Amino acid sequence: MKCRVCKGPAVIDVRRHNANFCPEHFLKLCRDQVTRAIDQFGMLTPGERVLVAVSGGKDSLALWDLLLDLGYPTDGLYVGLGIGDYSGSSADHARGFAADRGVTLVEVDLRETHGYDIPTGAKSARRAPCSVCGISKRHVFDRAALDGGYDALATGHNLDDEAAVLFGNVLRWETDYLARQQPVLPARNGFPRKIKPLVRLGERETAAYCILAGIDYEVEECPMAGGNKHLGYKEALNAIETTSPGTKQQFYFGYLERAAARFTAGEDDTADGVDLSPCGRCGSPTPGEVCAFCRLAERAARTQPVVAPARRVAS
Ligand code: Q46
Ligand code: ZN
Ligand code: ZN
């Protein structure tokens, strides 16, 4: 197996590009793909300040590393979800990366700031953990990006993630979600600009990037992911990709190039055509008086233990 670029020994094959790469040229391929995504979709201009949401996993740490490498001043944001050992270990990986690179990691702990964590909050609110988690993370990400004055909020969604979400949205013809499934959402209505610079890289590539770049990431998956529909969509797409390499990329980029405009046409400057005003509790833009996050947080925190978590109880 030889590197397509230098003909030296290759360490990875990328079947959808029908090519193999040595470590040096694979890392370059990843940088080039991120640069291309940023330019193609107008995600960032040189020098803009970025806040990257980091979970401690391969995608978000690879993204943080790549953005720094490309010269964007980038801080990390870690949200403490309170999901047992998984959260403790992922936080350590995020902190380790920040310490190694001498960069800033902003931390927000859900229980300390909002009075609940994901496992107990989901029970109190009687909702699926991933639903509570999604609403909570979006709110914390948006607030932190705006309060910190960042030009954009970056997330580590990769090609596999975006293709799986697109697949799910198409299966159910979720036209509202399809209209918003873009690699960049401009800042508007009090929300920060949101960008997904990894859309040209698959998750096997982000894992390989971390290994070759010496990034120590959390390998365990979140224990609450069970039952998450996206895992099934990913498996289905992987089965197709095995026999037809490149299908995922054609599906996702074909959608963006040839179909997305049909769903975004008619979108106005509001959410679903409804006027937005500041939430009465937190000030975030919302179509109602109180935003979905504040309603959720009130329910989630309602039956929570009054005492602080054990590690914070003074001896
Ligand atoms: S962290 Fe949260 Fe994921 Fe865990 S609870 Fe679900 S959404 S699976 S990215
Ligand atoms: Zn090479
Ligand atoms: Zn609110």
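Heads up: numbering here begins at 1 and tracks the sequence. Ligands are counted one by one from 1 in listed order, and the atoms in each one are counted from 1 as well. None of these values were measured; they are calculated from a predicted model.
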Taking side chain to side chain contact (heavy atoms under 4.5 Å, CB included) as the definition, give me every residue that meets it alongside Pro223, ordered by chain and number, with sequence neighbours left out. Ile83, Tyr86
Mind checking how many protein N/O/S atoms fall short of 2.8 Å from atom 2 (Fe) of ligand 1? 1
Search all heavy atoms of Tyr217 against all heavy atoms of Ala207 and return the closest pair with its distance. OH-CB, 3.8 Å
Salt-bridge present (Glu241, Arg16; N to O < 4.0 Å): no
Counting only protein N/O/S atoms, those under 2.8 Å from the Zn ion (ligand 3) total 4
Parallel, tilted or perpendicular, as decided by the 30° and 60° cut-offs, for the rings of His114 and Phe293: perpendicular
Asp13 bridged to Arg204 by N-O distance under 4.0 Å: yes
Measuring from atom CG of Asp161 to atom NZ of Lys248, what distance do you get when rounded to the nearest 0.5 angstrom? 9.5 Å
Cation-pi check for Phe253 against Arg200: NZ or CZ below 6.0 Å from the six-membered ring centre and within 45 degrees of the axis, yes or no? yes
Got a sec, which pairs hit ring pair (Phe, Tyr, Trp, His ring centres under 6.0 Å) with one end in residues 154-203, sequence neighbours left out? Phe167-Tyr233
Are any of the side-chain heavy atoms of Asp142 and Leu153 separated by less than 4.5 Å? yes
